[in-house]
Amino acid sequence: MKFYFSLLRLLAVALVGLTTGLAQDPKPDAKPAAPVPTPTVTAKVKEMKALPGFFPLYWDAKAGKLWLEIAKFDEDFLYYDSLPAGLGSNDIGLDRGQLGQERLVHFSRSGPKVLLTETNLGFRAAGGTAMEKRAVRDSFTQSVIGGFEIGAEDDKRVLIDATAFFMRDAHNVAVTLKRTKQGDFKLDLPRSAFYLENTKNFPRNTEVEVTLTFAGTEPGEWVRDIATDPASLSVRTHHSFVQLPDAGYTPRPFDPRAGYFSTSYADYASPISEPLVKRFITRHRLTKKDPSAAKSEAIAPIVYYLDPATPEPVRSALFDGAKWWNQAFEAAGYVNAFRVELLREDADPMDIRYNLVQWVHRATRGWSNGASITDPRTGEIIKGVVTLGSLRVRQDYLIAEGLLAPYETGKPASPEMEKMAVARLRQLSAHEIGHTLGLAHNYISSAEGRASVMDYPPPFAQLKSDGTVDLADAYAVGIGEWDKVAITYGYQDFPKGTDEPKALSGIIDAARSKGLLFLTDKDARPAGSPHPQVHLWDTGVNAVDELSRVLALRSAVLERFSENVIKPGRPLATIEEVLVPAYLMHRYQLEAAAKTIAGTGYTYALRGDGQVPLTPIAPAEQ
């Protein structure tokens, strides 16, 4: 019996499988299901908010998505990210207005996919044949930084969902927090969203901004000092798609003696007899209306805009210092080629069209800086961004309090502290704008009669006959003589027929005949240079003589040091804050003087330019 029951079960299973198979078999005349057609762009965006511009945008409010329209493929444009709202900690280094890296990118299509690819510009075949250029391109890796599915399509345009691309940690906030030992943070998408107020479109640039929230564990001390909730940090990241400048810009060769930053690449189309690496200075585009004239207006002047959030008397000081640069451009043969204006309150500071001087707040005092967005193909500066930390002026005021001890009982406080602090702001404004014009630090200018605002100047305090301190000449006023040379080298618009290499070299030779040289950062640090005249925060032609003068000043300041260095009513314990800069005022000059021992003077000499490259410091001086 068991055998028959088992046989029946097997037959039943076989029958079920047969009927199931028959049910799944299509009828002989059945057709496969037609693919769902891709909607047109017009139909897809019908209910969305349109933002026309360089790359048209469409905001889908219901889904919280941002769509991007592409009409041209395989055409290069500029992409960079920035940080319009930061953390407020100098130590972490994620400041408001901070620029990211500029990238040369293009969209390409492969079937239903669109790729955003960054071109590797470090290796080129400039001027080579198409095959030479292809060989270089295929020899070095490119980077695909975005991938998208096509969501809608017309004959000449496609629509992609760019939400994920924009809602990512493009500025590497989490990496920075981890590197600075502030915790392990990750992007929290449910608490992140588009910041539509600053998502805008213009004919030459598309601007998208997002609020990103990072959730983390075991936040570090710097995070705890600034955040309302140290486990939840929200910043804003800005994305810019920018049309590249036209072909009217001519790169200018880099000369190590001229004082400029540079852009460089390996050119595999270079003749064997020529250097492989090509270098060009970074600078703004500036052209005379009449290149043959000794003095001419510019076709398009360079305009910088000052942050309207800057208070007085800071605002006026920054205006004054920024305007000094027009003196340098006038020396280069321009008329009103450099201007400074107040940014309109309705303007977007992140917009590529505005060179910006911004006033940034941090929880602790930090560096100011000048950064730029440049065309990576040529070195042309497209946008300059100056970041000035608001606490710096308070430190300068503190230094002045220690030097003057101004709070004597029954006497009004001296106005000299604010005068000195404001004078420093003028110099600082000019210094950081100089970086965004393409100029590097020049640390030998303090030994050349304050020849450049691109040096780091300490306050030049002098002793009066009664033992008090005079701050009337604490900081130089106006642009320096070296700065005029540098701007002339970088921005001079030569008449047709000029032997430009010879003319440029002549500018440097003429400056050297006046005792004006350029030596920069790598030569200023104690461990990196034996040159006693090239240092940070030093003064004077002779480092040893100036150290003697500063030590005498320090002794007089410390002799008079008392509770008169702090305002009445403040805790006496705060006297130590004033003491530190007064007690250590000689430290940088001491480092400069120490380099005299076994020291050597030198220049950035080129073969045949007539310079003496090395001059050991005389034994008696050592």
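Note that these values count all heavy atoms, side chains included, but never hydrogens, waters or copies made by symmetry. None of the values given here were measured: they were computed from a predicted structure. In this chain, residues are counted from 1 in sequence order.
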Is any side-chain heavy atom of Y79 closer than 4.5 Å to one of V242? no
H171-H238 aromatic ring centre distance below 6.0 Å: no
List the atom of A298, the atom of L286, and the distance in Å for their closest heavy-atom pair. CB-CD1, 3.6 Å
Do the non-hydrogen side-chain atoms of H531 and D523 ever get within less than 4.5 Å of each other? no
Quick one: which residue pairs count as a ring pair (Phe, Tyr, Trp, His ring centres under 6.0 Å) with a foot in residues 495-524, not counting sequence neighbours? F518-Y604
Between D307 and R96, does at least one N-O distance fall below 4.0 Å, as a salt bridge requires? yes
Please check if atom CG in L584 has more than 12 non-hydrogen atoms from other residues, nucleotides or ligands closer than 6.0 Å. yes
If you look at every heavy atom in H284 and I302, which pair is closest and at what distance? CB-CD1, 3.6 Å
Any carboxylate oxygen within less than 4.0 angstrom of a Lys/Arg side-chain nitrogen, looking at D246 and R285? yes
Would you say that Q492 contacts K288 through its side chain, given a criterion of any heavy-atom pair below 4.5 Å between the two side chains? yes
R283 to P251 - nearest heavy-atom pair and separation: NH2-C, 4.3 Å
Tell me if the OH atom of Y583 is crowded by more than 12 foreign heavy atoms within 6.0 Å. no
Side chains of V485 and I507: does their closest heavy-atom pair fall under 4.5 Å? yes
Under 6.0 Å from the six-membered ring centre of F338 and within 45° of its axis: does the NZ or CZ of K323 meet both? no
In short, D348 meets Y354 closest at the heavy-atom pair O-CD1, 3.5 Å
Between D493 and T287, do the side chains contain an N or O donor and an N or O acceptor separated by less than 3.5 Å? no
Quick check: do E207 and H239 have side-chain heavy atoms less than 4.5 Å from each other? no
Assess whether a salt bridge exists between R450 and D473, defined as any Lys/Arg side-chain N lying under 4.0 Å from an Asp/Glu carboxylate O. yes
Go through the side-chain N and O atoms of N336 and E330 and say whether any donor and acceptor fall under 3.5 Å apart. no
Got Q462 and L471 here, is their nearest side-chain heavy-atom distance under 4.5 Å? no
